[in-house]
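Because only heavy atoms are used, hydrogens play no part in the values below, and waters and symmetry mates are left out as well, while side chains stay in.
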Amino acid sequence: EIVGLCPVGVDACGSFTFICQNELTIDTFTLPAGKQLTLLSMEVARNGERLARCQVVGQNMASAEILLPLALRGEFYECQSDRGYSLQEIMSSSRLSCRHFRNTAEKNSGSLLIFSPVYEISNVVKFPSSLEVDVQDVTEQYQDLVFITPFSMTEVASQPPESFPTMAEILDGPEGNQFFNCSWFQELQRGRRLVLHACGTTTMILASTPKGRKGKQYFIISGGYGGRMRRRAREFGSVYELYLASSQSPGLKVSVTRHCEEVEEEGMPALSVGEQLEVLGMTLMDGLGDKSGAAQKVECLICKRTKEDSEEISLPLFMTGHFVEKLSDNKKYKLTDLISSSLPLDVKVVTRDKDLEKDPLMGLPALKLEETFTETMVLTSLPNQPDWCFELPVRWLQMSLCFTSDHLPWSESPERHVETVTEVTEKFYYEYHKLVSKTEEPPPRPPKRKPSSSEVPKRPSKSESKSTKLRSAVTKQLDNLSLGETKGKRAPAPPPPEDVSMGFYSPTTTEMQNSNMNI
């Protein structure tokens, strides 16, 4: 019943989410109550049982896919979605046309709307028996008349496997290019013929580059990418970053790249450039006392100095530092080998994918593999190059097609070369994270460093305040004095001393005493 609420005829796969108010047990897996599930696709098992493939996100933003039988019972609720629909999409879907909607174009969306069509066109026309009409057969005059059936990308992907390969024509192309920086997108124009080879779900990897001259670049990479990569050492700017990385990569080893001085009262040990540390785990240790004098617990990362006498040290999570990951191998990896471990990973492509005419990942200084996701794809090519294929992501393309009776552009099925790398825009990157963030838990905030007693500013006493004000007034008067020329005329010279002998001034005893007192 809950899966039946998912709209059909629109790109809803991957954006329809729901929850169950009670705990679910599937074989040996237990799903806690209230966990959000995202519907990915519908499948049929070998025994004929219908299953729903769903994605669930757990701790540390780790996602997993589970198969739920449609016969599974529970108290299910659909999650509210910000996804908007056009009027054409609502009326073309029997499941959407019976739902309630609000106008999203207006600030005040107003009351709920229910769309009821006034006229419906059907392929089957029923005449009541009491109706008197004159019917004329015009079949011979309209032999060439063909009725076309438009399909959305979701409907194309739901066709049975025996429907492919086939020829298709674009009826309505995607409006504007908001998500893709690739050559094949420019070919998706109205009236363009396409060869549809197959459809299915593909494991994709979201990747990005560091910000450079061209700005930051973003890619989605298919799991079939044939290039080779080497891992790059990650850099960390704090002990807290080390903790996050070690929770995903146990046994993390790093090297210190900047000297850190010891602060004994805060439990921060001294670190020298070149020291090598191995992260062992985290623990709680006694830290500074609070106002009552009781010691507070501080989260610390336990590390072992690997090049010395294997001494274990504790680093508070609030401690800043500069570390670089120490990699033990220089091996070339396949993409499938890297994504089997925990992500994110920093890599560099060292061998290009030979099946690509031009590998856009080759030559990049660095590439960050961020996360994996599954996407429903339609494998497509152009009739003039039927062997060079590209994958159309169903969820990100709003376009309609119709199947044609044109012959396939080959006598024998050619060997296919698939574009496994698609450059996407920054808008795609953030729109993707908007979809994912609905079920993700926010990352924990790093702990704050507690100021020591020596760093807490003292409140000045009354006598100190008066002294400070007096010094400020004297300083202000001195600042107004000028050692050079004053404004206007030069000041007159002082009168000559009264007692002058042999051209030298001889001060009196009183003047000498006053001078010493001033000094």
Would you sort out whether Tyr77 and Ile2 count as a side chain to side chain contact (heavy atoms under 4.5 Å, CB included), showing the intermediate values? CA-CA 7 Å; Tyr77 292 90; Ile2 187 67; 5.9 Å; no
Give the intermediate values and the outcome of side chain to side chain donor-acceptor pair (under 3.5 Å) for residues Glu370 and Ser208. CA-CA 7 Å; Glu370 298 194 11; Ser208 62; 2.6 Å; yes
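Of the possible polar contacts, one joining the Thr380 side chain to the Val378 backbone as a donor-acceptor pair under 3.5 Å is found. In this structure, Thr420 contributes its side chain and Gly224 its backbone to no donor-acceptor pair below 3.5 Å. The backbone N or O of Leu364 sits less than 3.5 Å from a side-chain atom of Lys348, completing a donor-acceptor pair. When atom types are taken as modelled, the side chain of Glu275 and the backbone of Ser272 share a donor-acceptor pair closer than 3.5 angstrom. Although no hydrogens or angles enter the test, the distance criterion places no donor-acceptor pair under 3.5 Å between the side chain of Thr374 and the main chain of Thr201. Between the side chain of Asp359 and the backbone N or O of Asp353 there is at least one donor-acceptor pair closer than 3.5 Å.
Residues Ser246 and Leu252 share a closest heavy-atom pair of N-CD2, 4.0 Å. For His197 against Ser381, the heavy-atom pair with the smallest separation is NE2-OG, 2.7 Å. When all heavy atoms of Thr372 and Tyr432 are compared, the closest pair comes out as O-OH, 4.4 Å. Considering all non-hydrogen atoms of both residues, Glu75 and Asn22 come closest at N-OD1, 2.9 Å. The minimum heavy-atom distance between Ala366 and Pro210, with the atom names listed, is O-CD, 3.5 Å. Between Ile26 and Leu72, the closest heavy-atom pair is CG1-CD2, 4.3 Å.
Side-chain contact between Leu39 and Val3 is present, with heavy atoms from C-beta onward closer than 4.5 Å. Side-chain contact between Tyr225 and Leu361 is present, with heavy atoms from C-beta onward closer than 4.5 Å. A 4.5 Å side-chain heavy-atom check between Cys389 and His417 finds every atom pair outside the cut-off. Contact of the Leu435 side chain with the Arg395 side chain is registered, since non-hydrogen atoms from C-beta on lie closer than 4.5 Å. The shortest side-chain heavy-atom distance between Leu301 and Ser314 does not fall under the 4.5 Å cut-off. No side-chain heavy atom of Leu196 sits less than 4.5 Å from a side-chain heavy atom of Leu379. The shortest side-chain heavy-atom distance between Tyr333 and Val347 does not fall under the 4.5 Å cut-off.
The pair Lys304-Glu312 does not count as a salt bridge, with every side-chain nitrogen at least 4.0 angstrom from each carboxylate oxygen. The residues Lys216 and Glu426 are annotated as not salt-bridged, no charged nitrogen and carboxylate oxygen being separated by less than 4.0 angstrom. Using a cut-off of 4.0 Å between Lys/Arg side-chain N and Asp/Glu carboxylate O, Arg231 and Glu325 are scored as salt-bridged.
Atom CD of residue Glu241 and atom OG1 of residue Thr320 lie 10.5 Å apart, to the nearest 0.5 angstrom.
Exactly one of Ile205, Val421, Leu206, Leu369 qualifies for a side chain to side chain contact (heavy atoms under 4.5 Å, CB included) with Phe219. That residue is Val421.
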